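Given the structure is predicted, the values throughout are model-derived calculations rather than measurements. Sequence lines set the chain letters: A, B, ... in the order given, protein chains first and strands last, and positions in each chain run from 1.
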Number of protein chains: 2
Amino acid sequence: MSARDRGQGGAPTGRDPGRSAPLTSPFGGKGARDSRTLILDSAQRLFAEFGYSATSTMRIAEAAGVTRTLIFHYFPTKQAILAALLDERGLRDALADVDVPQTHGDLQAALLMLAEQIHHRLQLSEQVLQIVLHERSCQPLTERPYVEFMERLESLVQDTVAETLGDRTTKATMQATASTFAAVLLRDALQAPLTGISRDCEQSAYVCACAAGTDPSWTREPPT
Amino acid sequence: MSARDRGQGGAPTGRDPGRSAPLTSPFGGKGARDSRTLILDSAQRLFAEFGYSATSTMRIAEAAGVTRTLIFHYFPTKQAILAALLDERGLRDALADVDVPQTHGDLQAALLMLAEQIHHRLQLSEQVLQIVLHERSCQPLTERPYVEFMERLESLVQDTVAETLGDRTTKATMQATASTFAAVLLRDALQAPLTGISRDCEQSAYVCACAAGTDPSWTREPPT
DNA sequence: GTCTATAGATGGATAGAC
DNA sequence: GTCTATCCATCTATAGAC
């Protein structure tokens, strides 16, 4: 009910996947391949907004401007639509080309640069991200994408911390710092839409930098 | 359509509206323990596991050992079941009686004590918590409980930081610390089941304590 | 490739007997 | 308070014409 249908059309047709079916092929050839894309576009948007179970194939067809039977021509079942969505527009590639920032010791800056990259990437996969986070543990298909996403997120933060701090602090401190910042990134991802660096992210980057820069002898050791 | 006008007896069925009878079965079978409670129990469990939309009233009835029509005797609609669940077993009371820890300056210990309390409370409302976190932004009914839960979580952390650190650090540092630890608590809550203090929680408590104990002049100021 | 028509099942919800 | 029987809407999926 909340208006979250912004952006991310992704369709080469450039049409709002709402209504008014473009029955004509944009490139003069057979307009076959476009219907499948339109169906996936609509399913992606509706699944993200209302959830998988609450979205019927009828609504997908209406939003895509095609008939229901055409959906079952391209996808054997409704689950296959979700599977295709996760397979073709999944999160696996979204965070694939993130660079580990090089700041020569400035952890706060490094974490912010990392967060900026991640936010930018996730904006392009915002709807799929919402689907995965929502349907995890209910739809078995989304379970592995969710786990892989979380592992990738943690891995990126750990690499960033290790690259930035090197051997200037203990391994336990690096692990604690990375775990903490990953939690903040997850919270940001949960609260769509992702519009750049959040205030929470900035503050936590500062907190992590302070903790990592602290001499471990200053207080007790971090839990291992 | 035939066996419809069989009998005509207009049974008044004037019963005492007071529910004085406990209706407990002497053999403990399905018997008549409060059916309404059984329905709510089943709905709570199924909603948490499969989601609201994917759970039909038929499955709720089967799990509760009653007929589907009995559900509609107690609840006018399926949504009303969810509403009753949120109203009678909601998260509002779950975190109501959490004490702000008193550690006289030990932030790491204070955050851990707070986390322990929160985990313990949320264990008792684990299924409702899953429902709220899962259905938020899809089911309008869960939107407010979700927001209130998040605000309560943040508020508790802020109070704990303020109580522990007092005026020994800047307001900006306290805010940054609280925001960071709240994110870790949220991640823990997302990953049910909640079995006591997580390793992430311990590590982040250390990180927050280090950052809060750091002299602000040591590095740049935290974002405000 | 796309449509019309429909099957087959299940969904939520109601009426009324006991 | 609980059940039997039923209605109507909607859902997934299939068959077959063009």
Item checked: Between C1' of C:dG11 and CZ of B:F50, the distance in whole Å -> 17 Å
Item checked: A:E202 and A:Q108 side chains, donor-acceptor separation under 3.5 Å -> no
Notebook entry, point to check: Can you find an N or O donor on one side and an acceptor on the other, under 3.5 Å apart, linking the side chain of A:T69 with the base of D:dT14?
Noted result: no
Notebook entry, point to check: Looking just at side-chain N and O atoms, do B:R199 and B:S204 make a donor-acceptor pair shorter than 3.5 Å?
Noted result: no
Check: Under 4.0 Å between a side-chain N/O of A:T67 and OP1 or OP2 of C:dT2, yes or no?
Finding: no
Checklist line | A:S125 side chain to A:R92 side chain, donor-acceptor N/O pair below 3.5 angstrom | finding: no
Next item on the list: Would you mind reading off the distance between B:F72 atom CZ and D:dT4 atom P, rounded to a whole angstrom?
Entry: 16 Å
Notebook entry, point to check: Between D:dC11 atom P and A:R59 atom CZ, what is the distance in whole Å?
Noted result: 9 Å
Margin query: So, does B:S56 get its side chain near the phosphate of C:dT10, meaning an N or O under 4.0 Å from OP1 or OP2?
Written below: no
Notebook entry, point to check: Rounded to the Å, how far apart are A:I60 CD1 and D:dT12 C1'?
Noted result: 11 Å
Check: In whole Å, what is the span from the CG atom of B:L38 to the P atom of D:dG1?
Finding: 14 Å
Note to self: Quick check for you: among D:dA13, C:dT2, D:dC3, whose closest atom lies nearest to any side-chain atom of B:L70?
What the structure shows: D:dC3
Item checked: Flag side-chain contact, heavy atom, 4.5 Å: B:F149 against B:V132 -> no
Notebook entry, point to check: Phosphate oxygens OP1/OP2 of D:dG1: is one of them under 4.0 Å from a side-chain N or O of B:S35?
Noted result: no
Item checked: Protein-nucleotide distance (B:M58, atom CE; D:dC3, atom P), rounded to Å -> 12 Å
Next item on the list: Using only side-chain N and O atoms of A:Y74, determine if any of them is under 4.0 Å from OP1 or OP2 of C:dG1.
Entry: no
Next item on the list: Using whole Å, report how far NE2 of B:H73 lies from P of C:dG12.
Entry: 19 Å
Check: Rounded to the nearest Å, what distance is computed from the CD1 atom of residue A:I71 to the C1' atom of nucleotide C:dG1?
Finding: 15 Å
Note to self: Could you check whether A:R45 and A:Q127, counting side-chain N and O atoms only, form a donor-acceptor pair closer than 3.5 Å?
What the structure shows: no
Margin query: Nearest to the A:R68 side chain among C:dT2, C:dA5, C:dT6, which nucleotide is it?
Written below: C:dT6
